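Treat the numbers as computed from the prediction; the structure is a model and nothing was measured. What's counted below: heavy atoms across the whole structure, side chains too, no hydrogens, waters or symmetry copies. Letters go in sequence order (proteins before strands), and every chain restarts at 1.
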Number of protein chains: 2
Amino acid sequence: MNQIIFSDRSDRKEVEEGLTFAPKFDDKGLITAVAIDAETKQPLMLAYMNETSLKMTLECGEAVYYSRSRQEIWHKGKTSGHVQKVKEIYTDCDQDALILYVEQLGEGACHTGRPTCFFRKVAEVAPEGEVKLQLTEGQSFDPDSVYGKSKK
Amino acid sequence: MNQIIFSDRSDRKEVEEGLTFAPKFDDKGLITAVAIDAETKQPLMLAYMNETSLKMTLECGEAVYYSRSRQEIWHKGKTSGHVQKVKEIYTDCDQDALILYVEQLGEGACHTGRPTCFFRKVAEVAPEGEVKLQLTEGQSFDPDSVYGKSKK
């Protein structure tokens with residue numbers, strides 16, 4: 001495949017309404033990407049891409065992120081097998097956020113062993129002001145056996 | 001309502017697996033929030049909240065963001081009428097991202113007049129390397145009449 005080229009962002013109207021892809025990378029060189037299960041529409045995770053990882057995603061058809069903690073390209077599932085096959089990529093009006101509809105391979109997206117990273121929801125604000133969460137997903141795999149103990 | 005208190009983040013295991021809400025605000029004091037239509041599961045927009053706007057969201061049950069461009073609290077729909085009634089709030093494993101399932105009032109979420117900000121998807125990588133988008137949503141309202149010409 002030829003080199004992928006992103007369009008320039010000098011024309012705001014074109015960025016917001018046009019049909020050329022001009023992703024905005026922030027002051028750290030990153031764009032936010034939300035992976036959603038293409039079939040169930042369940043949000044799986046929110047992560048970041050840099051220009052290289054976004055181009056890799058477009059080239060290979062699998063989600064490639066940039067790990068802020070490890071400061072490196074992160075081809076999701078390369079070691080765990082929990083690859084995300086990208087079905088569709090949406091961008092928003094100012095092109096600084098991406099939605100990836102994916103087929104999640106393996107047992108789940110989250111390093112804690114759940115199918116999704118969004119496995120808790122706000123349940124209530126307790127009388128003393130503390131906000132309580134509620135578990136909405138159990139573990140679908142043993143994270144130790146997939147990632148090893150070091151990642152926990 | 002009493003003052004809302006967010007839990008501290010000193011215990012990583014508690015943050016990742018526990019049932020207390022300990023949102024992580026980044027070095028700019030912001031957390032990423034994705035609004036999704038509670039009924040259709042269509043992603044509507046991605047925006048940011050600071051601590052105050054997140055507490056306001058929990059208190060009033062409507063999405064209150066922080067506008068990075070205007071550098072101010074942004075109670076979505078306060079002027080346009082396009083309020084987002086919050087049905088559920090999910091947090092992810094490291095509690096640095098939120099999913100808001102909302103009922104979108106009015107004709108849409110996007111300042112360009114579409115029901116969603118994610119109204120374009122990647123269609124193809126052209127032979128010369130340019131990435132082409134495809135329109136997936138038409139306008140559901142006239143943005144000039146809702147926001148005035150200044151916002152366009």
Side-chain angles (χ1 to χ4, degrees), chain A residues 1-7 12-13 16-23 32 34 36 40-43 45-47 55 58-59 69 86 88-99 101 110-112 114 116-123 125-136 152, chain B residues 1-7 12-13 16-23 32 34 36 40-43 45-47 55 58-59 69 86 88-99 101 110-112 114 116-123 125-136 152:
Chain A
M1 183 183 284
N2 290 327
Q3 176 104 28
I4 288 174
I5 300 161
F6 295 140
S7 300
R12 182 177 164 194
K13 180 87 178 165
E16 293 197 345
E17 310 258 359
L19 296 180
T20 55
F21 192 33
T32 309
V34 184
I36 295 181
T40 65
K41 310 301 181 208
Q42 183 178 37
M45 56 184 281
L46 185 147
K55 287 180 177 176
L58 289 164
E59 276 166 4
S69 56
V86 178
E88 288 181 320
I89 300 178
Y90 282 75
T91 188
D92 67 349
C93 44
D94 50 2
Q95 301 207 37
D96 67 352
L98 304 173
I99 299 283
Y101 285 104
C110 185
H111 79 288
T112 68
R114 274 86 176 187
T116 166
C117 296
F118 296 97
F119 58 84
R120 290 169 297 181
K121 67 176 181 180
V122 172
V125 180
E128 72 277 14
E130 196 182 40
V131 183
K132 295 288 188 186
L133 301 177
Q134 174 187 341
L135 208 60
T136 59
K152 288 213 72 188
Chain B
M1 184 183 287
N2 290 326
Q3 175 104 29
I4 288 173
I5 300 160
F6 294 140
S7 300
R12 182 176 163 194
K13 180 86 179 166
E16 293 197 345
E17 310 259 359
L19 296 179
T20 55
F21 192 33
T32 309
V34 184
I36 296 181
T40 66
K41 310 301 181 206
Q42 184 177 36
M45 56 184 282
L46 184 147
K55 288 181 176 175
L58 289 165
E59 277 165 4
S69 57
V86 178
E88 287 181 320
I89 300 177
Y90 281 75
T91 188
D92 68 348
C93 45
D94 49 2
Q95 301 207 38
D96 67 352
L98 304 173
I99 300 283
Y101 286 104
C110 185
H111 79 288
T112 69
R114 274 85 176 188
T116 167
C117 296
F118 296 97
F119 57 85
R120 291 170 296 183
K121 67 176 181 180
V122 172
V125 180
E128 72 277 15
E130 196 182 39
V131 183
K132 296 287 188 186
L133 301 177
Q134 174 187 342
L135 208 60
T136 58
K152 287 214 71 189

Got a donor-acceptor contact below 3.5 angstrom from the A/R120 side chain to the B/C93 backbone? yes
Name the option with the most non-hydrogen atom pairs under 4.5 Å to chain A; the candidates are B/T40, B/I99, B/L98. B/I99
Under 4.5 Å from any heavy atom of chain B - which part of A/T91: both
Could you check whether B/K121 makes a cation-pi contact with A/F21, meaning its NZ or CZ is under 6.0 Å from the centre of the six-membered ring and within 45° of the ring axis? no
Top of A/T116, A/V131, A/D96 for chain B proximity - count of heavy-atom pairs under 4.5 angstrom: A/V131
When heavy-atom pairs shorter than 4.5 Å are enumerated against chain B, which of A/L133, A/I5, A/V122 gives the highest number? A/L133
Could you check whether any side-chain N or O of B/K55 sits under 3.5 Å from a backbone N or O of B/I4, counting only pairs where one atom can act as donor and the other as acceptor? yes
Part of B/E88 lying under 4.5 Å from any heavy atom of chain A: side chain
In the structure I gave you, are the side-chain heavy atoms of A/C110 and A/M45 within less than 4.5 Å of one another anywhere? no
Kindly indicate, with the supporting measurements, whether the criterion side chain to side chain contact (heavy atoms under 4.5 Å, CB included) is fulfilled by B/L46 and B/T32. CA-CA 7 Å; B/L46 184 147; B/T32 309; 3.7 Å; yes
Assert top hit (heavy-atom pairs under 4.5 Å, partner chain A, pool B/I36, B/V34, B/L135, B/T136) equals B/T136
Examine distances only and state if a side-chain atom of A/Q134 and a backbone atom of A/A123 form a donor-acceptor pair shorter than 3.5 Å. no
If you tally heavy-atom pairs under 4.5 Å against chain A, which of B/I89, B/D92, B/T20, B/D94 wins? B/D92
